[in-house]
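Lettering follows sequence order; numbering is per chain, from 1.
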Amino acid sequence: TFTYNSLLSSYIKQGKLEDAHHLFDKMPERNTVSWSSIISANTRSGNFFHAFDMFEEMMEEGLIPNEYTLGSLLKASSGLGDIWVGKQLHGWSIRTGFASHAGVRTSLITMYSNCKFLDDAMRIFCDVPPHLQEDIPTWNSIIAANVSNGDCSEGFQLFSDMLCTGLVRPTKPTYASMLNAYASVGAIEYGRIIHGKIRQRWTVQQGATMGNSLVKLYAKCGNLKDANRMFEMVFPKN
RNA sequence: CAUGCACUAGCA
């Protein structure tokens with residue numbers, strides 16, 4: 001089964017979902033890892049309903065989801081904006097103890113955030129025990145949650161709290177959220193500082209996924225010349 | 001052997 005799972009995950013990495021499903025169907029044995037792989041592949045590609053279908057089939061085979069499966073299922077409910085399913089999963093993860101895993105927490109925060117329940121997202125974040133404060137996706141998710149739900153000042157506060165712990169370094173998603181926040185409050189000069197930090201750490205190529213946020217920042221703040229310059233740097237061929 | 005975080009065109 002390990003061998004089959006490895007092959008399965010390599011299909012998924014190559015984006016060959018058809019082949020992955022085909023292999024999955026004819027595997028002699030499927031364990032929780034196999035199911036988690038195929039379910040996460042479906043949520044990542046936006047097939048949320050299919051992910052839940054597979055989840056049902058998994059249960060029918062008598063297998064119990066674990067923290068990996070749960071993360072993907074929460075992401076699927078988040079993608080559907082289905083707060084009801086999300087809450088069911090939340091309840092179940094508390095009862096089983098999986099809620100204590102960093103990945104599950106992050107998914108819960110994102111799920112509540114996408115469903116516009118910022119308060120619930122914050123409640124989850126506040127329960128994070130100290131030893132999980134070094135998990136950067138957890139910070140990123142709660143910062144993004146506040147920024148995208150309109151509470152930028154809380155986003156700035158959290159960012160600074162994060163730096164104060166000294167436990168984690170910002171990553172690309174962290175900076176992207178900060179750029180979005182500065183864009184939405186029109187603080188272009190602070191945005192430039194972030195831009196500088198990004199340039200210190202990544203090449204234009206490596207930082208390409210933050211290009212959109214940079215274009216947005218400069219465009220929003222009326223500096224079309226810089227926005228155009230960013231656009232050309234990030235998408236040189238177009 | 002598998003999970004979770006930002007960005008991801010235009011119009012509306």
Side-chain angles (χ1 to χ4, degrees), chain A residues 1-13 20 23-24 27 29-46 51 54-55 58 63 65-79 86 89-90 93 98-114 121 124-125 128 132 134-149 155 158-159 162 168-184 194 198 202 206-217 219 227 230-231 234-235 238:
Chain A
T1 308
F2 270 42
T3 316
Y4 278 101
N5 283 347
S6 300
L7 185 55
L8 185 65
S9 95
S10 85
Y11 280 147
I12 292 170
K13 277 183 198 135
L23 173 66
F24 185 83
M27 281 168 62
E29 301 275 347
R30 291 184 283 266
N31 60 16
T32 305
V33 173
S34 329
W35 283 99
S36 299
S37 304
I38 199 76
I39 288 175
S40 73
N42 278 288
T43 65
R44 270 198 296 259
S45 48
M54 310 260 339
F55 169 54
M58 175 184 182
L63 287 167
N66 63 8
E67 68 270 30
Y68 288 85
T69 331
L70 211 40
S72 298
L73 291 170
L74 281 164
K75 184 174 178 166
S77 38
S78 161
L89 292 169
H90 185 186
S93 58
F98 289 130
S100 64
H101 292 261
V104 174
R105 273 177 195 285
T106 304
S107 304
L108 283 168
I109 290 172
T110 303
M111 186 277 293
Y112 280 118
S113 166
N114 284 351
I124 304 224
F125 178 77
V128 170
L132 284 185
E134 46 189 311
D135 188 65
I136 184 69
T138 303
W139 284 102
N140 289 345
S141 66
I142 195 62
I143 291 172
N146 280 276
V147 172
S148 60
N149 284 283
L158 286 163
F159 179 65
M162 182 187 97
V168 282
R169 259 185 121 193
T171 55
K172 293 175 193 179
T174 327
Y175 286 133
S177 289
M178 293 314 288
L179 289 171
N180 292 339
Y182 287 128
S184 83
I194 302 293
I198 291 170
W202 294 286
Q206 294 168 332
T209 53
M210 288 171 294
N212 278 302
S213 300
L214 282 165
V215 173
K216 241 195 286 181
L217 171 75
M230 287 312 307
F231 187 83
V234 179
F235 310 107
N238 304 323

For A:T110 and A:S113, what are the C-alpha separation, side-chain angles and deciding distance, and is it a side-chain hydrogen bond (donor to acceptor under 3.5 Å, both in side chains)?
CA-CA 5 Å; A:T110 303; A:S113 166; over 6 Å; no
So what does [X] hit on the nucleic acid, given a heavy-atom distance under 4.0 Å: a base, only sugar-phosphate, or nothing?
{"X": "A:T106", "answer": "base"}
{"X": "A:S107", "answer": "sugar-phosphate"}
{"X": "A:G103", "answer": "base"}
{"X": "A:D135", "answer": "base"}
{"X": "A:S40", "answer": "sugar-phosphate"}
{"X": "A:R30", "answer": "nothing"}
{"X": "A:A41", "answer": "nothing"}

Donor-acceptor contact below 3.5 Å, side chain A:K216 vs main chain A:L179
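A pair under 3.5 Å: no.
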Output the rounded distance in Å from CH2 (A:W139) to P (B:A6).
17 Å
Which whole-number value in Å describes the distance from A:Y68 OH to B:A2 C1'?
7 Å
What about A:N212: does its side chain form a donor-acceptor pair under 3.5 Å with the base of B:C7?
no
Whether the side chain of A:T32 and the base of B:A2 hold a donor-acceptor pair under 3.5 Å is what I'd like checked.
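Side chain to base: no pair below 3.5 Å.
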Nearest heavy-atom approach of A:S72 to A:T43 is O-CG2, 3.2 Å
Phosphate oxygens OP1/OP2 of B:C5: is one of them under 4.0 Å from a side-chain N or O of A:R105?
no
Do the side-chain N or O atoms of A:K75 get closer than 4.0 angstrom to the phosphate oxygens (OP1, OP2) of B:C5?
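For A:K75, the contact criterion (side-chain N or O under 4.0 Å from OP1 or OP2 of B:C5) is met.
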Between A:F55 and A:W35, does the ring centroid distance fall short of 6.0 Å?
no
